Number of protein chains: 2
Amino acid sequence: MDNKVKSTINDVAREAGVSKRTVSRVINGSPSVGQATRERIDAVIKELNFQPDKQARGLASKKSYLLGLIYDNPDALYIDQVQRGCLTVCTNLGYELVVHPCHWQEDDFVEDCLNFISRSNVDGVLILPPVSESKKLASALRANNHPYVRIASADLDDHANIVISNEREAMQDIAEHLVSLGHKDIAMISGPSPFCSSRERLEGFTDSLKKLNIDLPAHRVIEGQNSYESGLEIAKNIFSGTDLPTAIFANNDEMAAGVIRVASDLGIKIPEQVSLAGFDDNIFASRIIPSLTTLRRPVQEISVVATKKLIQAINPQNKAVEQTTVIKPYLITRESTAKCIKED
Amino acid sequence: MDNKVKSTINDVAREAGVSKRTVSRVINGSPSVGQATRERIDAVIKELNFQPDKQARGLASKKSYLLGLIYDNPDALYIDQVQRGCLTVCTNLGYELVVHPCHWQEDDFVEDCLNFISRSNVDGVLILPPVSESKKLASALRANNHPYVRIASADLDDHANIVISNEREAMQDIAEHLVSLGHKDIAMISGPSPFCSSRERLEGFTDSLKKLNIDLPAHRVIEGQNSYESGLEIAKNIFSGTDLPTAIFANNDEMAAGVIRVASDLGIKIPEQVSLAGFDDNIFASRIIPSLTTLRRPVQEISVVATKKLIQAINPQNKAVEQTTVIKPYLITRESTAKCIKED
DNA sequence: TTGTACGCGTTATCAT
DNA sequence: ATGATAACGCGTACAA
């Protein structure tokens with residue numbers, strides 16, 4: 001196997017007895033190449049194990065065949081799934097994935113991302129929540145003509161530039177699930193109010209419950225920070241009161257895990273006394289005791305769609321294939337929710 | 001801010017009134033540039049916000065300033081930490097990180113990795129366990145002169161090419177911890193025997209216990225698959241027996257989580273009846289009930305060292321700074337281990 | 001349908 | 001210490 005010698009387009013051209021311009025045409029799938037010529041060149045390409053050099057290609061065409069992944073998300077599992085989904089598309093189309101964690105709360109974060117893009121020469125970027133909610137970043141990218149696709153939980157951009165996880169609608173499923181179990185006094189530990197996802201979930205939950213004739217009063221909504229510690233703190237508050245809700249929805253599994261911990265410490269049985277549900281289907285949602293009823297985003301599917309959109313945005317000449325834009329999370333029922341035993 | 005126009009080395013040269021060769025020298029820190037010239041050029045570089053183009057640089061110098069990360073590891077948290085550690089070094093030195101998950105059990109995996117390297121033009125690769133244990137991959141890389149650094153749990157390469165997590169020695173800590181709590185009848189759920197890490201941990205545990213005059217008999221060692229499901233299965237076996245061990249060490253937190261689940265289902269109290277410890281300090285180790293005593297690898301620190309080594313391997317002209325090679329995991333004590341109550 | 005010639009932004013060779 | 005000039009591998013007007 002002549003792996004050692006990297007053959008160039010010139011080698012292919014010489015070997016096939018054509019000019020390198022024609023080889024270039026074949027590589028890039030130009031239609032104006034004779035059938036016979038194309039086959040001959042294809043054969044030589046295989047024989048020589050030729051792969052166009054990304055650097056040279058980039059230098060000449062202003063394309064790097066690199067995609068950037070911008071995120072600032074403590075959920076490693078989420079990131080990992082996004083990366084894997086993304087790469088299934090990338091590899092097929094000759095793209096590579098360059099990762100860029102950032103700190104979106106910091107002042108220079110937009111500059112930092114812009115800097116990353118020009119440094120690395122990525123052709124476009126995928127932006128994960130919650131960074132994807134940044135209006136500033138999106139405008140900056142648009143202003144600099146950088147192709148991008150956001151993954152977010154609300155409809156905050158042109159549909160060519162976004163894939164939406166419809167969390168508002170997904171909340172209907174958990175609302176119906178809890179109500180069908182007989183719960184009427186339900187509490188919600190919401191996420192940080194600046195996040196779209198928090199608002200979508202809170203409003204989706206409230207609305208869905210209302211449709212089922214259940215009220216979610218203000219005192220039953222407590223804002224958390226989406227962290228385990230925050231879950232601990234709020235759970236202590238809830239459980240120290242005299243009238244407990246019969247069910248709790250936590251904005252994510254992290255906080256739900258905090259609730260489980262406090263309940264366990266206080267001897268409160270989940271789901272016997274209080275039902276509990278989370279959001280994410282985080283890795284420990286199925287491991288924890290009791291295992292968590294939760295809503296799972298089809299993360300990998302979402303990132304596949306997003307990557308396809310991004311590559312489409314980078315290559316506008318390919319006529320736009322219609323792409324999905326909205327994907328709904330779905331309910332996973334486990335041990336932490338059960339029939340409400342409280343009498344009316 | 002003239003962000004829009006990307007200035008080139010020519011702009012800098014013209015503006016500074018020198019040839020571009022000199023600018024190039026300044027960029028690359030060549031010593032043979034006059035003090036005054038250097039300062040003038042530096043000023044222009046700042047003024048024009050000039051950044052050398054990676055593509056062009058790569059084409060000319062055969063360096064892409066891209067680093068590859070090769071792994072096949074279900075533990076997303078581990079990967080994420082590696083990436084973050086790696087990037088702290090990368091960003092400072094002008095490198096970017098390209099990720100490449102692979103399937104190291106498959107036949108063409110070496111070829112796939114080689115392919116990735118030539119496709120992406122990465123200057124070198126970081127290899128994570130368990131892929132890092134592959135002798136075939138390492139030889140192939142060496143044969144093709146591809147710089148690489150492995151992160152592994154045993155001393156299986158030249159110290160310039162490896163960072164070792166000394167798990168054998170770390171096992172001494174958990175052994176001492178359990179014995180100091182009075183445990184004498186200890187079981188171990190080991191990892192898949194083909195993995196170095198499994199062997200290191202098993203032998204390390206056995207030896208450490210022996211030094212403490214505790215025997216780890218063959219029937220107390222059960223081989224697992226490092227998966228939650230595998231933990232479930234083995235735990236069912238152990239707990240269905242008549243004489244239970246007083247402590248169990250599981251090769252990772254995933255399997256330990258399985259043990260906790262089965263114990264909970266069977267009404268066996270951890271740590272009251274059986275102490276339990278894991279390895280990794282996985283995300284749920286601190287969330288699960290009871291929280292897990294475990295061994296944590298300083299993953300981020302390890303990946304920082306590994307990345308530095310890799311960049312050093314890529315640029316051999318920089319005189320080798322002495323680098324750490326061995327880093328020991330450390331014990332984290334939580335709820336799942338307690339005093340042995342069983343009488344002698 | 002195919003080929004020629006040049007340019008992309010940088011590094012490297014060899015002078016001076 | 002500095003500079004002219006040729007690579008590097010590929011894409012692309014323009015020509016044929």
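So you know, we letter chains A, B, ... as the sequences are listed, proteins then strands, and number each from 1. Keep in mind that what you see is a predicted model, and the values were worked out from it rather than measured.
With salt bridges taken as basic N to acidic carboxylate O contacts below 4.0 Å, none links B:Asp42 and B:Lys46. Electrostatic pairing of B:Asp157 and B:Arg142 counts as a salt bridge here, judged by a charged N lying under 4.0 Å from a carboxylate O. Look at A:Asp53 and A:Arg57 and you find no salt bridge, because none of the NZ, NE, NH1 or NH2 atoms lies under 4.0 Å from a carboxylate O.
Scored by the side chain to side chain donor-acceptor pair (under 3.5 Å) test, B:Asp155 finds B:His159 as partners (sequence neighbours excluded).
Side chain of A:Asp112 to backbone of A:Asp108: no donor-acceptor contact under 3.5 angstrom is found. The backbone N or O of B:Val89 lies less than 3.5 Å from no partner atom in the side chain of B:Thr307, so there is not a single donor-acceptor pair. Under the 3.5 Å distance criterion, the side-chain polar atoms of B:Ser118 are matched with a main-chain donor or acceptor of B:Asn115.
Counting heavy atoms from C-beta outward, B:Phe50 and B:Asp11 have side chains that stay 4.5 Å or more apart. Side-chain atoms of B:Ile79 and B:Asp75, non-hydrogen and from C-beta on, never get closer than 4.5 Å to each other. Using a 4.5 Å heavy-atom cutoff, the side chains of B:Gln83 and B:Tyr71 are in contact. Using a 4.5 Å heavy-atom cutoff, the side chains of A:Ile27 and A:Ile9 are in contact. Residues B:Ser153 and B:Glu133 form a side-chain contact, since some pair of their non-hydrogen atoms from C-beta on lies under 4.5 Å apart. In this structure, A:Ser19 and A:Thr22 have side chains that are in contact, with non-hydrogen atoms separated by less than 4.5 Å. Using a 4.5 Å heavy-atom cutoff, the side chains of A:Leu156 and A:Arg150 are in contact.
A side-chain donor-acceptor contact under 3.5 Å links B:Thr325 and B:Lys309.
Bounding nucleotides for the chain A contact on DNA chain C, 5' to 3', at a heavy-atom distance below 4.0 Å, are C:dT1 to C:dG9. With a heavy-atom cut-off of 4.0 Å to chain A, the contacted part of DNA chain D has its first and last nucleotide at D:dG9 to D:dA13.
Within the nucleic acid shown, B:Phe50 comes within 4.0 Å of sugar-phosphate atoms alone, with no base atom in reach, counting heavy atoms only.
Mapped onto DNA chain D by nearest heavy atom, B:Lys62 and B:Arg40 fall at different nucleotides, with B:Arg40 at the one closer to the 5' end.
If you check residues 16-32 of chain B against DNA chain C, the residues with a heavy atom closer than 4.0 Å are B:Lys20, B:Arg21, B:Ser24, B:Asn28, listed by number. Near DNA chain C, meaning a heavy atom under 4.0 Å from it, residues 117-125 of chain A has no residue at all.
Each end of the helix from C:dT1-D:dA16 to C:dT16-D:dA1 gets its own axis from five base pairs, and the two axes differ in direction by 30°, given to 10 degrees.
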